[in-house]
Amino acid sequence: MAEQQTANPTEVEKGISIFLDVFRRADKNDDGFISWEEFVSYCADGVMGKEELQALFDDIDSHNTNNIDTEELCTYFAQHLGEFREVFSLLEDLNKKTTNVLYTTSKVYKESNRIDKFITRFIMREIIYQMSALQRPMEAASDILDTQAREERDDIKPLEVEDVIKKPSASGIVPGRVVRRAKRQVSAPGSLGEVVEWIEVNSGTGVMNSQVDRLSKLIDRLERKVNFDGFRDEEVIHGEDDTLLLVNREFTVTQDKLDEFQANLRAYVDVTQGFRGCLNVSVRDLRDSNTFSLYEIWTSEEKQAQNCDNEAFKTLMDQASEQSKNSMKIPGSWWKREI
């Protein structure tokens, strides 16, 4: 088999380096190439059929080696980016600039006065909101394009990952592989590695590498053996163990209000994620049932009740034809506990 050449990440033109990150995520076994199985695992979208994905794989595999390397991946998509090339280029600049600003902020925030700290937090929340505002129309457009693609060729059976890849057995786990991938990504120029190297040079410490080494020991233990037996018996001092509130809401929506409900649900999630006291909010969409499950974790019932006063919540409640709510308190140590 002909020897494959891997592109030098530093030589990848601007707007294309994002595909180096795509490659690292798709290369599940960390061997430096994307196999057909890894390609399907990463690219199968519930729309494309097996023959279509196989043809795409063969087009990208210009070396005809039944594997895809970084050079092939970057070269292929560089020819098809169109106007998205400028978007990717801007994202690279934004990524670097944001990292630099966060690093600088971390150095001065602690010594700032309370007004300056408030302004910093306020600005960061606004940045998150603006990014979310960009994400929503992109998600909506992506959903519409997926639907159109399914409808235009309903004779094609979408390729599912399970059709190609068998679930690996526990004996197939290779201890240390997860951390080797983490270390390789840390050292990769142009992505996280560039940021870490910059931080290390300016701070004079190897914090990231020490954290990765620490994580290596923990993950190796988990990969070798995971014990599902037994239970955790905790003793706590009465009054010193704080609790968190877990809230679950179930919504059933009529078909004619589905699109409007989904838009209002996204708006509610955006508002709730930025609300002080909310530790987590997530949504599960039960396919083909018009039913949604909303999960929230709050620091207190008071904070959760305050959040129910916002307009986004009231609008969301008005859209559902049926709804139910369940809540329970859980020990705060469960949320804070480290591995």
Side-chain angles (χ1 to χ4, degrees), residues 1-100 131 134-135 137-146 148-149 152-153 156 158-159 161 164 181-198:
M1 184 173 67
E3 183 180 354
Q4 291 175 302
Q5 299 295 323
T6 302
N8 185 342
T10 61
E11 298 176 357
V12 176
E13 57 186 298
K14 192 170 184 181
I16 304 298
S17 64
I18 187 173
F19 293 104
L20 298 177
D21 181 57
V22 170
F23 187 93
R24 283 189 288 271
R25 285 181 281 138
D27 181 17
K28 294 292 183 63
N29 66 359
D30 197 27
D31 64 353
F33 305 104
I34 300 176
S35 65
W36 162 245
E37 290 78 11
E38 290 172 330
F39 181 79
V40 171
S41 178
Y42 191 84
C43 295
D45 61 352
V47 177
M48 299 287 280
K50 181 177 181 179
E51 292 77 11
E52 294 174 307
L53 283 175
Q54 183 68 64
L56 177 59
F57 180 85
D58 293 340
D59 285 344
I60 300 176
D61 179 25
S62 58
H63 296 155
N64 298 320
T65 57
N66 293 323
N67 285 297
I68 296 174
D69 59 35
T70 53
E71 179 185 355
E72 290 173 324
L73 189 72
C74 293
T75 299
Y76 181 86
F77 280 100
Q79 300 168 356
H80 296 81
L81 275 179
E83 294 183 357
F84 285 104
R85 180 190 294 269
E86 184 177 358
V87 175
F88 282 147
S89 178
L90 292 172
L91 287 174
E92 288 182 24
D93 291 338
L94 178 61
N95 196 348
K96 293 179 180 179
K97 186 61 178 178
T98 301
T99 301
N100 291 342
M131 289 182 173
L134 289 173
Q135 180 180 347
M138 187 67 72
E139 289 178 340
S142 178
D143 291 342
I144 291 173
L145 293 178
D146 283 346
Q148 290 178 349
E152 68 185 9
R153 289 297 303 272
I156 295 179
L159 179 63
V161 176
V164 176
R181 288 176 56 80
K183 287 187 174 181
R184 190 182 68 162
Q185 293 187 30
V186 166
S187 62
S191 60
L192 178 60
E194 184 176 273
V195 174
V196 173
E197 181 181 357
W198 184 86

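- Note that NZ of Lys97 is 14.5 Å distant from CG of Leu90, once rounded to the nearest 0.5 Å.
- The nearest pair of heavy atoms linking Ala44 to Leu53 is CA-CD1, 4.2 Å.
- Taking Phe19 as the reference, Phe77, Phe88 meet the ring-ring contact (aromatic ring centres under 6.0 Å, His included) condition, with sequence neighbours excluded.
- For Tyr76, the ring-ring contact (aromatic ring centres under 6.0 Å, His included) partners two or more places apart in sequence, or in a different chain, are His80.
- Separation of atoms CD (Glu86) and CG (Leu81) is listed at 12.0 Å; rounding is to 0.5 Å.
- Within the model, atoms CG of Asn100 and CG of Asn95 stand 9.5 Å from one another, a figure rounded to the nearest 0.5 Å.
- For Ser41, the side chain to side chain donor-acceptor pair (under 3.5 Å) partners are Lys28, not counting sequence neighbours.
- Looking at every heavy atom in both residues, Ser35 comes nearest to Asn67 through CA-OD1, 3.5 Å.
- Counting only heavy atoms from C-beta outward, the side chains of Met48 and Leu159 never approach each other to under 4.5 Å.
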Criterion side chain to side chain contact (heavy atoms under 4.5 Å, CB included) on Val22 and Arg24, from CA distance to verdict:
CA-CA 6 Å; Val22 170; Arg24 283 189 288 271; over 6 Å; no
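- The side-chain hydrogen bond (donor to acceptor under 3.5 Å, both in side chains) pairs that include a residue from residues 42-55 are Arg25-Tyr42, Gln54-Asp58, where partners are two or more places apart or lie in different chains.
- Under the rule for a side chain to side chain donor-acceptor pair (under 3.5 Å), the partners of Gln135 that lie at least two apart in sequence or sit in another chain are Glu139.
- Atom-to-atom distance recorded for Leu56:CG and Ile68:CD1 is 7.5 Å, nearest 0.5 angstrom.
- Applying the side-chain contact (heavy atoms from CB on, under 4.5 Å) criterion to Gln148, with sequence neighbours excluded, gives Ile144, Leu145.
- Considering every non-hydrogen atom in both Leu20 and Cys74, the closest pair reads CD2-SG, 3.9 Å.
- Counting non-hydrogen atoms of neighbouring residues, nucleotides and ligands closer than 6.0 angstrom, the CD atom of Glu37 exceeds 12 such neighbours.
- Applying the side-chain contact (heavy atoms from CB on, under 4.5 Å) rule to Ser142 yields the partners Asp146; only residues at least two apart in sequence or on another chain are considered.
- Across Gly32 and Asp27, no two heavy atoms sit closer than the pair N-OD2, 2.9 Å.
- Residues passing the ring-ring contact (aromatic ring centres under 6.0 Å, His included) test with Phe57 are Trp36, Phe39, sequence neighbours excluded.
- Applying the salt bridge (charged side-chain N to carboxylate O under 4.0 Å, His left out) criterion to Asp59, with sequence neighbours excluded, gives no partner residue.
- Residues satisfying the side-chain contact (heavy atoms from CB on, under 4.5 Å) criterion with Ser62, sequence neighbours excluded, are Glu72.
- What you find for Asp31 and Asn29 is that their closest heavy atoms are OD1-OD1, 2.9 Å.
- Between atom CG of residue Leu91 and atom OG1 of residue Thr98 there is a gap of 10.0 Å, rounded to the nearest 0.5 Å.
- The side-chain contact (heavy atoms from CB on, under 4.5 Å) test applied to Arg153 returns Asp155, Ile156, not counting sequence neighbours.
- Contact check for Met131 versus Leu94: side-chain heavy atoms found under the 4.5 Å cut-off.
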